[in-house]
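First up is the structure itself, then whatever we jot down about it.
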Amino acid sequence: MRFEPLAASHDPAWVRSGLFHIAASTISFLFVLPLIWVISSSLRTPGLPPPHSIEWFPSHAEWSNYRTIFELVPLGSYLLNSLLITLLAIPLTIVVASWAGFAMAQLPVRIRSILLVIAVMLRMVPVTALWLPRFVLYLQLNLIDTYWALIAPVWMGSSPLFVLIFYWSFRRTPSALFESARLDGLSAFGIWAWIGLPHARSAIVAVSVLTFAQYWNDFVNPLLYLKSESRYTLAVGLRVLQQLDTTNWPLLMAGAAVMTLPILILFVLIQRAFWIETIIGGTQNGKEV
């Protein structure tokens, strides 16, 4: 009896679990390392070049760098502009992309296959090929120098990838649920709202994160379509900050840290949402079995 703990310690499952956690921790550290470097560099004395080696924390942290960048450039205004655009883009993208994905999932196989090929081909179109047609179109619609020019792609689901994510999610939903809802007299909009979306929570979370990253990090579109400095987004504001002093790396890194912080906060919150969704999905699968 006294040898059972020793035998259990050599269990292959325990070894595999330990190796998995070691590998996962190593990969996570490699991804977090650039962020550590950015934060450490942002706290160095203004005017100093970035360190040649990894500096975990400067001996004299200049927290005033974060206050300085808001004094040099109206980053607060740019930050609010970026938040406004992303907060408008996320719900609109979810609604339009889920509508398109739900419609594709209900179509016959032949038409659905054609639309899938078209969606993949649209995804392969270079973004640079859209700049001139979009500018001409927005100019005719008087959308230049407005936020509507930045969030106009939401009316097409923001990206074909988002439509495909919802399509794959709705395809995993048992078709019997949709058929029973139709027999009960539920409309197409009602089926989408009461049957489709509750079964596509993971897709909603994923599309929300990707949409936030797409519009939050967008630099080219504000640069092309906005003329008023008061409407600049945070990405353009960092470029303005760089042009003021291209060699002041601590201030530039402080601006990069400010832009990265909301994405990190969203990632932490979404991790919890995915964890809860995994538990719910596993519980439901266990009940079905």
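The shown structure was predicted, so the numbers you read here are calculated from the model rather than taken from an experiment.
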We want to know whether [X] and [Y] form a side-chain donor-acceptor pair, criterion being a heavy-atom distance below 3.5 angstrom.
X      : Y      : value
Arg231 : Ser228 : yes
Arg182 : Gln106 : yes
Tyr215 : Asn221 : no
Tyr232 : Arg239 : no

Determine yes or no for a side-chain-to-main-chain donor-acceptor pair under 3.5 angstrom, with Asp145 supplying the side chain and Lys227 the backbone.
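Judged by distance alone, yes, a pair lies under 3.5 Å.
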Is there a donor-acceptor pair closer than 3.5 Å between any side-chain N or O of Arg67 and the backbone N or O of Ser64?
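No, the answer is negative, given that no donor and acceptor are paired below the 3.5 Å cut-off.
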If you measure from CG on Leu130 to OG1 on Thr128, what distance do you get to the nearest 0.5 Å?
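If we round to the nearest 0.5 Å, Leu130:CG and Thr128:OG1 are 8.0 Å apart.
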Please examine the side chains of [Y] and [X], heavy atoms only from C-beta on, and report whether any two atoms are closer than 4.5 Å.
X      : Y      : answer
Ile191 : Phe102 : yes
Asn81  : Tyr147 : yes
Pro153 : Arg134 : yes
Ser42  : Tyr66  : yes
Val96  : Val154 : no
Glu62  : Pro250 : no

Could you work out the complete set of other residues in the hydrophobic cluster of Ile22, with links drawn between I, L, V, M, F, W and Y side chains under 4.5 Å apart?
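Other cluster members: none.
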Centroid-to-centroid, Phe189 to Trp192, below 6.0 Å?
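Yes - the distance between ring centres of Phe189 and Trp192 falls below the 6.0 Å cut-off.
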Should the ring pair Tyr225 and Phe135 be called parallel, tilted or perpendicular, given that the plane angle runs from 0 to 90° and is split at 30 and 60?
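Geometry flag for Phe135 against Tyr225: parallel rings.
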